[in-house]
Student: 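I'd like to ask some things about the structure below.
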Amino acid sequence: MSLNELGWLFTLGVLAHNAEEAMWLPAWSEAAGRWHAPVGAAGFRFAVAVLSLLLVVAAAAASISGAGSVAAYAMAGYTLAMVLNVVFPHLLVSLFQRRYMPGTATGLLCNLPLGTLYLIRAISDRQVDPGVFAWAGPLVVAGIGGSIPFLFAAGRWLEKRRDR
């Protein structure tokens, strides 16, 4: 399997993960206590939709770009974010709460194995340089994480405008 094919398979896994979260995480968050702040369905689903679209764009750009391109690092960074997301919050919250957190199954079955394999292959195939990825990967993770509150707010704003 080529790195591009693996990237698209990973993308499909993340889309399944995001769909699972979009369906069940807002209601779950209402009773999550200290483990997760309650999130409104509209804001959360808007954020998930935008982040899903960004992943599809990153996967497409990485598929047509060369080694060492911005797109290659964007895809690898997004992949790192999703691999980390499996452990925190999904796996840890599910274990500590002794209650399933939506997204854990798809994270463990799709995102963790496919994402890890993608990152290993991206480095071994020299699509990304490990030294550059050491700072670029966390930078993408921080960018995604930092965008989430803004995406939630935008989703709530759009919902209010729609309800007028």
Student: Is there a donor-acceptor contact under 3.5 Å from the side chain of Q97 to the main chain of A32?
Tutor: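 Answer holds: yes.
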Student: Test of understanding: clusters of I, L, V, M, F, W, Y form through side-chain heavy atoms closer than 4.5 Å, transitively. Do V70 and L53 belong to the same one?
Tutor: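 Result: no, two separate clusters.
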Student: If you look at every heavy atom in L151 and A47, which pair is closest and at what distance?
Tutor: CB-CB, 3.6 Å
Student: Where the side chain of S65 meets the backbone of A62, is there a donor-acceptor pair that is under 3.5 Å apart?
Tutor: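 Not at all, since once roles are kept as given, no pair shorter than 3.5 Å links the two residues.
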Student: With side-chain hydrogen bond (donor to acceptor under 3.5 Å, both in side chains) as the rule and sequence neighbours excluded, what pairs involving residues 25-36 come up?
Tutor: none
Student: Using a 4.5 Å cut-off on heavy atoms from C-beta on, say whether the side chain of V128 contacts that of V132.
Tutor: no
Student: Checking R156 now: which residues fulfil side-chain hydrogen bond (donor to acceptor under 3.5 Å, both in side chains) with it, not counting sequence neighbours?
Tutor: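 side-chain hydrogen bond (donor to acceptor under 3.5 Å, both in side chains) list for R156, sorted by chain: empty.
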Student: Give the minimum heavy-atom separation between I144 and S147, together with the two atoms involved.
Tutor: O-OG, 2.7 Å
Student: So, for W8 and S63, which heavy atoms are closest and what is the spacing to 0.1 Å?
Tutor: NE1-OG, 2.9 Å
Student: Check whether more than 12 heavy atoms from other residues, nucleotides or ligands sit under 6.0 Å from atom CZ of F96, and answer yes or no.
Tutor: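 No, because the 6.0 Å sphere around CZ of F96 holds 12 heavy atoms or fewer from other groups.
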Student: What is the minimum heavy-atom distance between V48 and A22, and which atoms define it?
Tutor: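 Closest approach of V48 to A22: CG1-CB, 4.4 Å.
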Student: Is there a path of hydrophobic side-chain contacts, each under 4.5 Å between heavy atoms of I/L/V/M/F/W/Y residues, joining W157 to V39?
Tutor: yes
Student: Tell me, with the steps shown, if F46 and L158 meet side-chain contact (heavy atoms from CB on, under 4.5 Å).
Tutor: CA-CA 9 Å; F46 176 80; L158 288 170; 3.4 Å; yes
Student: Does the side chain of M82 come within less than 4.5 Å of F10's, by heavy atoms?
Tutor: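 Sidechains of M82 and F10: in contact.
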Student: Please answer: with hydrophobic residues joined when any side-chain heavy atoms are less than 4.5 Å apart, are L80 and W135 in the same cluster?
Tutor: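 L80 clusters together with W135.
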Student: Is R99 atom CZ crowded by more than 12 heavy atoms from other residues, nucleotides or ligands, each under 6.0 Å away?
Tutor: yes
Student: Please output the side-chain donor-acceptor pairs of residues 104-113 that fall under 3.5 Å, not counting sequence neighbours, one pair per line with the distance.
Tutor:
{"from": "T104", "atom 1": "OG1", "to": "H90", "atom 2": "O", "distance (Å)": "3.4"}
{"from": "T104", "atom 1": "OG1", "to": "S94", "atom 2": "OG", "distance (Å)": "3.0"}
{"from": "T104", "atom 1": "OG1", "to": "M101", "atom 2": "O", "distance (Å)": "2.7"}
{"from": "T106", "atom 1": "OG1", "to": "H17", "atom 2": "ND1", "distance (Å)": "3.1"}
{"from": "T106", "atom 1": "OG1", "to": "E20", "atom 2": "OE1", "distance (Å)": "2.6"}
{"from": "T106", "atom 1": "OG1", "to": "G103", "atom 2": "O", "distance (Å)": "3.3"}

Student: Checking Y78 side chain against V141 main chain: does a donor-acceptor pair fall under 3.5 Å?
Tutor: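 Not confirmed, Y78 side chain does not pair with V141 backbone.
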Student: Verify the cluster assignment for M23 and V50: are they in a single hydrophobic cluster under the rule of side-chain heavy atoms below 4.5 Å apart?
Tutor: no
Student: If you round to the nearest 0.5 Å, how far is CG of L9 from OH of Y118?
Tutor: 12.0 Å
Student: Of L114, D125, T79, which meets side-chain contact (heavy atoms from CB on, under 4.5 Å) against L6?
Tutor: L114
Student: Tell me the closest heavy-atom pair linking A72 and G68, and the distance in Å.
Tutor: CB-N, 4.3 Å
Student: What heavy-atom pair brings P26 and F44 nearest, and what distance separates the two atoms?
Tutor: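 Closest heavy-atom pair between P26 and F44: CG-CD2, 3.9 Å.
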Student: CG/N18 to CG/L55 distance, rounded to the nearest 0.5 angstrom?
Tutor: 8.0 Å
Student: Indicate, with yes or no, if Y73 and I64 share a hydrophobic cluster defined by side-chain heavy-atom contacts under 4.5 Å among Ile, Leu, Val, Met, Phe, Trp and Tyr.
Tutor: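 No.
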